[in-house]
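Notes to accompany the following structure.
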Amino acid sequence: MTIENTIVEHVKNAVQSLYQTEVAADSIVIQETRKEFEGQVTVVIFPFTRLSKTSPEQTGTRIGEYLMQHVAEVTGFNVIKGFLNLSVSDQHWVDQLLGNVLNESYGQFPSNGQKVMVEYSSPNTNKPLHLGHVRNNLLGYSVSEILSANGYDVIKVNLVNDRGIHICKSMLAWQLFGNGETPESSGLKGDHLVGKYYVIFDKEYKKQIEELVSSGQTEEEAKKNAPVIKQAQEMLLKWEAGDQEVLKLWQMMNGWVYAGFDITYKRLGVDFAKYYYESDTYLLGKDTIQEGLDMGVFFRKDDGSVWIDLTEDGLDQKLVLRADGTSVYITQDLGTAQLKYDDYKMDKSIYVVGNEQDYHFKVLFLILQKLGKSWAEGLYHLSYGMVDLPSGKMKSREGTVVDADELMDDMIRTAKERTEELGKVDGFSESEKANLYDMIGLGALKFFLLKVEPKKRLLFDPNESIDFQGHTGPFIQYTHARIRSVLAKAGYSTKLTSNYQEGLTVLERELIVTLAKYPDVIDAAAREYSPAMIANYIYELSKLYNKFYHEESILKAEDPDVRNFRLDLSLASSSVISKGMKLLGIRVPERM
RNA sequence: GCAUCUGUAGCUUAAUUGGAUAGAGCACCUGACUACGGAUCAGGAGGUUAGGGGUUCGACUCCCUUCAGAUGCACCA
């Protein structure tokens with residue numbers, strides 16, 4: 001039981017005995033005491049003044065006195081306005097550190113017996129991954145890690161959009177202009193090669209539109225009549241009809257793309273337990289449509305198309321099956337949702353998808369609920385904001401994207417330059433150096449993208465390279481390396497001190513209080529699906545440790561008990577930093 | 001037009017979900033034990049939380065409204 005829970009319990013009793021009123025535990029607000037006041041735990045008193053019919057100060061004082069008498073850990077209190085600040089005994093904090101924080105499993109909750117699926121990445125196979133995908137991948141991976149730390153059994157899946165007109169465009173352009181170019185012959189990564197032809201297609205398409213317009217067609221007509229777009233559409237029809245030649249080309253080019261993606265995923269450090277391919281799932285969902293018709297949830301119009309009326313829920317009428325009986329986007333998503341559930345029977349399912357699809361997912365989940373799917377309750381759309389550039393939106397057709405591979409290269413190169421400037425890698429082997437630059441460069445990138453709340457839109461200026469100082473990944477990595485260095489110097493293993501006497505310094509106490517709330521942060525981050533909460537917590541902890549480090553001697557402490565205690569505190573800090581960063585997919589070095 | 005999201009210091013952002021004097025970082029200025037690792041630490045300056053109204057003991061947070069931006073409103077995916 002945490003100290004907060006203990007205090008809530010006793011505040012409840014205090015109100016009961018002082019004012020003869022029952023209050024619900026969750027209506028009692030407890031918070032961390034602000035730094036400028038004495039104490040560590042604060043109870044907000046305002047809600048009780050209604051019952052006590054006395055001033056907040058008087059009420060706070062009476063409850064404070066009650067707590068002093070009934071809770072052993074509470075050693076003092078003060079009341080400021082309506083806030084009751086409680087001092088908790090040093091012994092309690094020391095026990096927290098030695099008994100909890102330093103445990104191997106600290107921050108890892110036991111299994112809760114629940115399965116959760118996280119679908120993320122979901123790339124198209126006609127172009128390489130760009131910065132927007134990077135945000136998606138990092139979010140999906142990190143949320144998976146966080147859920148796992150909270151005791152969930154996590155299944156990471158990737159739903160690959162491997163079919164459709166966009167792939168036919170790349171395929172066609174390659175046929176027309178490729179001269180048999182391959183990744184081997186060009187030296188290009190497969191996904192980049194295919195992406196190159198996607199851009200070529202678009203150029204050709206635009207050229208043809210222009211020609212048609214100048215020969216008298218309207219822009220709209222020209223867009224429909226341009227020969228390349230017609231050819232691409234024919235190709236899609238052939239693909240759907242199972243044309244061997246088209247399928248062969250499709251398989252070859254997708255193969256190139258997958259080989260490229262594998263490399264990028266590996267560098268990013270993300271992985272998947274299961275891949276779903278739209279070429280397998282795009283015809284799914286028709287059973288579900290029939291189910292809905294039988295239940296009367298859907299209705300059929302005269303032309304044969306099938307719809308659902310969501311106007312009572314504040315939404316529109318939505319088409320779920322075309323008049324000719326073919327699927328639309330939501331049809332296959334209904335089918336895929338069912339397929340995924342049948343495969344895994346998970347309790348929750350998280351879709352990591354950009355916020356331009358908010359409406360789609362609202363509709364999707366609502367339909368599944370109306371179809372009476374018990375598991376629809378567990379569906380969640382983790383919606384995140386777009387990544388914008390100063391020049392505006394990224395458009396892969398126009399080549400105005402920040403490429404994921406290039407971005408990683410840049411970050412790692414910057415990390416290398418920065419580290420060499422500081423001249424701290426003497427004695428590192430070449431492979432150790434490469435590993436370190438990788439760690440720092442990607443750490444900077446990942447932290448930069450994850451420290452912002454997912455739903456906020458992200459502005460990325462490629463000209464201003466990402467900082468390595470301040471509120472950054474490298475700052476935290478540096479703190480970790482610094483602690484490890486002190487521990488190494490002390491020849492310190494994992495031994496614990498036991499007989500630390502009371503009398504913590506302010507910073508020692510603050511550090512323990514901060515370390516002690518780590519599990520709460522893990523829990524909150526999972527409830528909110530927010531890696532940003534972890535990122536900001538780890539930053540706060542690192543900052544605090546650096547302050548402590550600066551003001552209190554560790555190795556030079558005269559009293560050996562104090563020295564050992566501070567080493568314990570340092571070990572605990574480095575361990576929590578390392579664990580928290582791992583949840584963000586960021587590694588931390590022993591030296592840097 | 002309708003709907004959803006966003007708006008916090010010059011820039012990037014936080015605020016324990018309605019609590020105390022809105023915290024940080026970057027950039028700018030000033031400093032730091034003769035560096036247990038200076039990718040650090042301390043201090044200064046910088047805010048009408050987009051504007052206005054309301055609810056509340058108490059509002060960045062909830063409600064209404066205006067403004068700005070983004071996205072969605074396809075028998076595309």
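In the text below, chain A, chain B and the rest are named by the order of the sequence lines, each starting its count at 1. All figures in this text were calculated on a predicted structure; none of them were measured in a lab.
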Base versus backbone protein contacts along nucleotides 55-65 of chain B [heavy-atom cut-off under 4.0 Å; B, S, -]: --B--------
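A/F428 does not carry A/R591 over the face of its six-membered ring by the limits of under 6.0 Å from the centre and within 45° of the normal.
Looking at heavy-atom distances under 4.0 Å, A/L507 makes no contact with the nucleic acid at all. Among the atoms of the strands shown, base atoms are found under 4.0 Å from some heavy atom of A/Y329. A/M533 comes within 4.0 angstrom of nothing in the nucleic acid, heavy atoms only.
With both ends at atom P, the span from B/U16 to B/C60 equals 12 Å, rounded to whole Å. Rounded to whole Å, the separation between the C1' atoms of B/A14 and B/A22 comes to 9 Å. Between B/G7 and B/U12, the two P atoms lie 12 Å apart (nearest whole Å).
Not a single donor-acceptor contact under 3.5 angstrom links the side-chain atoms of A/D324 to the base of B/C75. No hydrogens or angles were tested; on distance alone, nothing pairs the side chain of A/T472 with the base of B/A39 as donor and acceptor under 3.5 Å. Taking 3.5 Å as the limit, the base of B/A39 and the side chain of A/T419 contain a donor-acceptor pair of atoms between them. Applying the 3.5 Å distance criterion, the base of B/A20 shares a donor-acceptor pair with the side chain of A/N85.
Annotated as anti: B/U56, whose glycosidic dihedral deviates from 0 by more than 90°.
In this entry B/A39 has no Watson-Crick or G-U wobble partner, no candidate having both defining distances under 3.5 Å. For B/C67, the paired base is B/G7 (Watson-Crick or G-U wobble, both distances below 3.5 Å). Nucleotide B/G47 is matched to nothing when pairs are restricted to Watson-Crick or G-U wobble geometry with both distances under 3.5 angstrom. Across all strands shown, B/A15 remains unpaired; no Watson-Crick or G-U wobble contact has both distances below 3.5 Å. Within the shown strands, B/G1 is the pairing partner of B/C73 under the Watson-Crick or G-U definition, both distances less than 3.5 Å.
Contacts with RNA chain B (heavy atom under 4.0 Å) in residues 547-555 of chain A: A/K547, A/Y549, A/H550, A/E552, A/S553, A/I554, A/L555, listed by number.
Proximity of A/K543 to the phosphate of B/A24: no side-chain N or O atom is located under 4.0 Å from OP1 or OP2. At the phosphate of B/U21, OP1 or OP2 sits under 4.0 Å from a side-chain N or O atom of A/K81.
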